[in-house]
Number of protein chains: 2
Amino acid sequence: MMLRQHEVAERIKQYILQNRLGPGDPLPTEAELCAAVGASRSSVREAIKTLTALDIVEVRHGHGTYVGRLSLAALVESLTFRGLLSRSDDFRVLSELVQVRQTIEQGLAGPILAAFDDGIHGELLDLADQMAERAARGESFIDQDREFHLLLMEPLGNELITQLTAAFWDVHAIVAHTLDTSPESVRETVEAHHAIVAAVSAGDVTAFTRAIEAHYAPVRRRLQEGPGR
Amino acid sequence: MMLRQHEVAERIKQYILQNRLGPGDPLPTEAELCAAVGASRSSVREAIKTLTALDIVEVRHGHGTYVGRLSLAALVESLTFRGLLSRSDDFRVLSELVQVRQTIEQGLAGPILAAFDDGIHGELLDLADQMAERAARGESFIDQDREFHLLLMEPLGNELITQLTAAFWDVHAIVAHTLDTSPESVRETVEAHHAIVAAVSAGDVTAFTRAIEAHYAPVRRRLQEGPGR
DNA sequence: CTGTATTTGTCCGTATGTATG
DNA sequence: GCATACATACGGACAAATACA
């Protein structure tokens with residue numbers, strides 16, 4: 001037979017497309033897939049592994065195979081590994097990542113402020129306050145930070161941007177994990193989040209842009225002063 | 001033994017990290033990897049499949065296994081499949097993608113113009129001219145378009161941005177493949193590229209921003225008028 | 001709670017395709 | 001053409017997880 005592995009994966013994708021399946025929908029069992037695509041179980045399993053890595057399919061042990069959520073988990077995996085691999089290498093990956101995150105958030109200033117919403121504003125302010133409280137107690141506030149940046153993008157209704165934001169945040173958190181956080185940087189970060197909320201509620205684009213820049217200033221400083229730590 | 005699949009992949013990644021390997025460096029053979037991580041060939045092969053999908057490892061049939069190029073191929077795969085899956089669904093994915101591309105290019109206006117370079121300017125102008133010529137002959141100019149947008153980002157020296165630009169362009173080309181191109185849209189697109197070059201050489205940020213917006217105007221229009229075709 | 005059936009996970013043995021010398 | 005080393009493919013057997021009667 002000699003079906004290429006790539007072709008097996010392609011046929012499974014075709015199966016999903018032709019049957020108009022969506023995330024969560026069940027796929028045939030491995031045995032049925034073998035018969036359907038005309039390959040051995042090993043080959044089918046390897047193709048499924050490839051598709052699983054891309055979150056195109058999702059496998060539950062002892063239960064079945066399903067269409068995946070089509071998240072950007074693969075991007076996170078890929079970028080974090082790059083960050084870990086080039087750790088000696090100047091924090092270059094993190095530096096590049098910060099520029100991307102800042103560019104996207106600043107570039108979307110207009111649309112974000114245009115899609116302003118009172119409910120969102122309340123939630124943002126609440127999160128910023130929580131971050132201040134936790135920081136005062138010397139606790140970490142990474143969960144609130146993640147939620148904050150996601151909430152900022154949510155009103156846009158652009159799912160790709162939301163997922164990219166989440167993915168970049170995740171990579172940042174993993175790659176920057178070793179960066180020490182001085183009390184001053186923490187204070188600066190907390191203040192920046194409050195400034196962002198204020199700019200959003202005031203509808204002030206330039207203030208928003210400045211606040212985003214201030215938000216990333218501590219990391220940028222840290223990256224400049226000592227790449228190799 | 002019962003090693004989780006995920007752990008096998010993790011151990012292979014650890015191997016790469018601990019041995020300070022980089023793209024192109026050879027990995028042990030399958031048999032050696034089996035002994036190293038303590039798993040069967042099947043399990044190791046499936047783990048390798050996962051890592052291959054992320055371009056963390058690269059396999060050459062009959063030759064060996066190597067560290068991959070760490071490209072964003074997985075992102076392209078993932079996003080294109082999403083686009084194909086929701087094709088009926090309003091071209092929503094393409095619409096979101098256009099906003100991301102435009103945001104990044106406009107948001108980087110400052111840094112791009114700051115990193116201006118005569119050599120780049122000449123190449124950009126050359127590409128824009130080629131596009132005009134090919135358009136006049138009714139030919140496609142997608143290769144020149146891709147090169148143009150990559151060249152625009154190159155002076156930044158941010159490899160992540162370069163790869164994201166390439167990935168987004170690739171997804172756009174695949175997902176928008178069915179979009180018909182009216183002669184007027186083509187003319188508009190060609191003009192936009194010349195306007196971008198002019199703005200870059202003049203160092204005019206607002207002109208650059210306007211040119212980028214004009215560049216994506218035809219697609220946006222097409223997306224608005226008829227989602228389902 | 002206890003089997004039992006179904007489904008995925010792991011392993012092994014063997015044969016085949018592919019590149020190198 | 002041949003030998004070697006490697007990845008690829010196949011089929012069968014058993015283990016582990018889940019669901020259900």
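Convention: sequence-line order gives letters A, B, ...; per-chain numbering from 1.
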Problem - Side-chain touch A:Ile12/A:Leu51, heavy atoms, less than 4.5 angstrom - result: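 A side-chain contact under 4.5 Å exists here.
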Handout entry: Any side-chain heavy-atom pair of A:Phe141 and A:Gln130 under 4.5 Å
Key =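 No. Closest side-chain heavy atoms not under 4.5 Å.
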Practice task
Examine the base of C:dT8 for any acceptor or donor lying under 3.5 Å from a partner atom in the side chain of A:His61, and report the outcome as yes or no.
Solution key: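 Indeed, a donor on one side and an acceptor on the other fall under 3.5 Å apart.
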Handout entry: Centroid separation A:His215 to A:His149 less than 6.0 Å
Key = yes
In whole Å, what is the span from the [atom1] atom of [X] to the [atom2] atom of [N]?
X       : N      : atom1 : atom2 : result
B:Glu30 : C:dC12 : CD    : C1'   : 14 Å
B:Arg45 : D:dC10 : CZ    : C1'   : 11 Å
A:Gln5  : C:dT18 : CD    : P     : 12 Å
B:Glu46 : C:dC12 : CD    : P     : 14 Å
A:Arg60 : C:dG9  : CZ    : P     : 12 Å
A:Ile48 : C:dT10 : CD1   : C1'   : 15 Å
B:Tyr66 : D:dC6  : OH    : P     : 10 Å

Exercise for the section: Step by step, work out the side-chain hydrogen bond (donor to acceptor under 3.5 Å, both in side chains) result for B:Tyr216 and B:Glu105. Expected result: CA-CA 11 Å; B:Tyr216 290 106; B:Glu105 290 180 348; 3.1 Å; yes
Handout entry: Side-chain (A:Ser86) to main-chain (A:Arg82) donor-acceptor, under 3.5 angstrom
Key = yes
Practice task
Ignoring hydrogens and angles, tell me if any N or O in the side chain of B:Arg134 forms a donor-acceptor pair with the backbone of B:Ser140 under 3.5 Å.
Solution key: yes
Practice task
Could you check whether A:Ser42 gets within reach of a base, just the sugar-phosphate, or nothing at all, counting any heavy atom under 4.0 Å?
Solution key: base
Practice task
Classify the nucleic acid contact of A:Arg41 as base, sugar-phosphate or nothing, counting any heavy atom under 4.0 Å across all strands shown.
Solution key: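 Base contact.
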Handout entry: Distance below 4.0 Å between A:Thr65 side-chain N/O and C:dT8 OP1 or OP2
Key =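 Checking A:Thr65 against C:dT8: at least one side-chain N or O falls below 4.0 Å of OP1 or OP2.
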Exercise for the section: Would you mind reading off the bend of the helix from C:dT2-D:dA21 to C:dG21-D:dC2 from its two end axes, five pairs each, to 10 degrees? Expected result: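 So the angle between the two local helix axes works out to 10°.
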Exercise for the section: Select from B:His63 and A:His6 the residue whose nearest nucleotide in DNA chain D is closer to the 5' end of that strand. Expected result: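 Its nearest nucleotide being more 5', the pick is B:His63.
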Exercise for the section: With sequence neighbours excluded, tell me which residues meet ring pair (Phe, Tyr, Trp, His ring centres under 6.0 Å) with A:Phe148. Expected result: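 Partners of A:Phe148 under the ring pair (Phe, Tyr, Trp, His ring centres under 6.0 Å) test: A:His193.
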